[in-house]
Amino acid sequence: MAPGLIGTAALAVVVSLAVHVVLNCPIQPVPSPPLPAACYPPNNLLQGLVKLGEPGLIAPEDVYVDAAAGGTLYTATRDGWLQRMHPNGSWEQWRFVGGTGLLGIAPSADGSMILCDAHKGLLRVEEKRVMILASTVQGSTIRFADAAIEAADGTVYFSDACTRFGFDQWFLAYIESRPTGRLLKYDPRTGDASVELDNLAFANGVALSRDEAFVVVCESGGFRCSRLWLKGDKAGQADTFVQDLPGCPDNIRLASDGSFWIAIHQLRSPLLDLVTRWTWTKRVVASFPALVDRIMATAKGAMVVQVSENGDIIRVLDDSEGRVINFITSVTEYNGDLYFGSLSTNFVGKLSLANVSQGKKEVHVTHVQ
């Protein structure tokens with residue numbers, strides 16, 4: 001082919017691609033925040049976990065263990081069921097809620113369960129009925145209810161991950177990088193929901209400190225967790241609880257000693273880092289759904305971190321290549337064990353803390369320039 005024809009053909013391809021992107025790109029991207037500077041050497045301690053419920057659980061995103069019921073474990077799966085494992089190890093499909101968007105679960109003082117349905121909003125699940133507590137807030141739709149926690153007075157703090165995309169398009173929200181997430185509050189006395197914090201970078205897990213002096217909300221798109229003070233001189237003020245996390249924080253749970261366990265997404269790969277480097281590459285990728293799926297599949301690995309009440313990282317556990325578990329979305333401590341949920345597994349993971357005590361001796365960290 002003559003050089004002139006090659007040049008013409010190449011130009012036609014570029015123009016065609018540009019037109020496709022203009023007409024089909026679903027995102028309005030902004031520059032991504034700097035990638036985490038901290039780098040923790042792999043220890044693969046998560047590879048020692050035990051698999052519970054395999055293969056009967058479809059992507060159990062969150063896990064809650066009921067100490068009052070002797071350690072009964074609850075999780076929500078993509079087939080619309082709340083499932084539970086009894087202390088004797090037997091599993092039961094406990095309550096059918098329906099849909100594919102069941103995410104964060106938390107106990108309520110009245111014995112019911114608080115549940116975030118990404119599509120419906122904040123729910124309460126009782127023995128014989130399911131109630132929608134909040135599907136809108138101050139006139140706007142709760143687009144992506146994600147995680148919740150109930151305070152001692154019955155107030156529920158929960159997250160709305162993104163106001164532009166729902167659960168099925170969470171990756172588009174991530175690469176778009178627009179901070180549209182919110183921390184919401186549901187008041188059971190009035191039945192109303194309110195916005196406590198907005199402009200969050202993909203609002204995710206929510207947890208209260210052990211004295212309920214503050215609430216923490218994870219920002220997956222910002223590699224950090226923010227804190228809203230509820231009591232004391234700083235009441236009503238927000239600040240950063242922990243930043244420069246080694247990945248994207250998902251769910252967060254209070255640990256037995258008052259520290260916090262945070263599940264960390266490893267949304268990193270050479271290709272994914274390249275895509276998120278520029279807004280134009282984000283636009284191109286987002287315009288081709290098949291390409292989005294391929295790039296998502298390049299991110300491998302699982303990680304959880306333990307963070308002190310002061311926001312210091314004190315322990316890191318990982319499966320650096322995702323050989324045993326991948327894409328951990330929640331971590332819960334109970335009776336000396338950790339339990340893990342994941343959107344990429346058909347089981348709940350269990351790991352004895354006694355077997356990973358070496359992960360706490362010293363956290364070695366290097367910084368990428």
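Every heavy atom of this structure was used, including side-chain atoms; hydrogens, water molecules and symmetry mates were not.
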Looking only at atom types and distance, does a side-chain atom of [X] sit under 3.5 Å from a main-chain N or O of [Y], one as donor and one as acceptor?
{"X": "Ser209", "Y": "Glu212", "result": "yes"}
{"X": "Ser342", "Y": "Ser344", "result": "yes"}
{"X": "Asp318", "Y": "Asn43", "result": "yes"}
{"X": "Ser259", "Y": "Ser308", "result": "no"}
{"X": "Arg78", "Y": "Ala59", "result": "yes"}
{"X": "Arg143", "Y": "Arg164", "result": "yes"}
{"X": "Glu176", "Y": "Gln28", "result": "yes"}
{"X": "Glu150", "Y": "Ala106", "result": "no"}
{"X": "Thr279", "Y": "Pro31", "result": "no"}
{"X": "Asp319", "Y": "Asn44", "result": "no"}

Under 4.5 Å between side-chain heavy atoms, hopping through other hydrophobics if needed: is there a path connecting [X] to [Y]?
{"X": "Trp229", "Y": "Leu254", "answer": "yes"}
{"X": "Leu49", "Y": "Tyr339", "answer": "no"}
{"X": "Tyr64", "Y": "Leu102", "answer": "yes"}
{"X": "Phe202", "Y": "Met296", "answer": "yes"}
{"X": "Val63", "Y": "Met113", "answer": "no"}

Geometric class of the Phe260/Phe241 ring pair [parallel <30°, tilted 30-60°, perpendicular >60°]: perpendicular
Parallel, tilted or perpendicular: ring planes of Phe167 versus Phe144, cut at 30 and 60 degrees: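 If you compare the ring of Phe167 with that of Phe144, the planes turn out perpendicular.
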Verdict with reasoning, Phe158 to Ile149, per side-chain contact (heavy atoms from CB on, under 4.5 Å): CA-CA 6 Å; Phe158 65 110; Ile149 190 71; over 6 Å; no
Is the closest side-chain donor-acceptor distance between [X] and [Y] under 3.5 Å?
{"X": "Lys51", "Y": "Thr345", "result": "no"}
{"X": "Asp250", "Y": "Thr329", "result": "no"}
{"X": "Thr155", "Y": "Arg189", "result": "yes"}
{"X": "Lys282", "Y": "Ser177", "result": "yes"}

Looking at [X] and [Y], does any basic side-chain N land under 4.0 Å from a carboxylate oxygen?
{"X": "Glu219", "Y": "Arg224", "answer": "yes"}
{"X": "Glu126", "Y": "Arg95", "answer": "no"}
{"X": "Arg182", "Y": "Glu196", "answer": "no"}

Please name the pair of heavy atoms, one in [X] and one in [Y], separated by the smallest distance, quoted to 0.1 Å.
{"X": "Ile313", "Y": "Leu245", "result": "CD1-CD2, 3.8 Å"}
{"X": "Leu267", "Y": "Ala299", "result": "CA-CB, 4.0 Å"}
{"X": "Gly205", "Y": "Ile252", "result": "C-CG2, 3.6 Å"}
{"X": "Arg253", "Y": "Thr332", "result": "NE-OG1, 3.5 Å"}
{"X": "Val305", "Y": "Pro246", "result": "CG1-CG, 4.2 Å"}
{"X": "Ser112", "Y": "Arg124", "result": "OG-NH1, 2.9 Å"}

More than 12 foreign heavy atoms under 6.0 Å from [atom1] of [X]: is that the case here?
{"X": "Arg129", "atom1": "CZ", "answer": "no"}
{"X": "Gln243", "atom1": "CD", "answer": "no"}
{"X": "Asn88", "atom1": "CG", "answer": "yes"}

Trace of the side-chain contact (heavy atoms from CB on, under 4.5 Å) decision for Leu353 with Glu333: CA-CA 9 Å; Leu353 281 170; Glu333 179 186 337; 4.0 Å; yes
Stacked cation flag Arg227 on Phe214, 6.0 angstrom / 45 deg: yes
Validation row, ring centre [X] to ring centre [Y] under 6.0 Å:
{"X": "Phe171", "Y": "Phe165", "answer": "no"}
{"X": "Trp261", "Y": "Tyr334", "answer": "no"}
{"X": "Tyr186", "Y": "Tyr157", "answer": "no"}

Any side-chain heavy-atom pair of [X] and [Y] under 4.5 Å:
{"X": "Pro33", "Y": "Phe223", "result": "yes"}
{"X": "Ile328", "Y": "Ile264", "result": "no"}
{"X": "Leu230", "Y": "Leu208", "result": "yes"}

Worked check of side-chain contact (heavy atoms from CB on, under 4.5 Å) between Cys116 and Asp146: CA-CA 6 Å; Cys116 283; Asp146 200 324; 5.6 Å; no
Candidate pair Leu351 and Asp337, rule side-chain contact (heavy atoms from CB on, under 4.5 Å), full reasoning: CA-CA 6 Å; Leu351 184 68; Asp337 297 314; over 6 Å; no
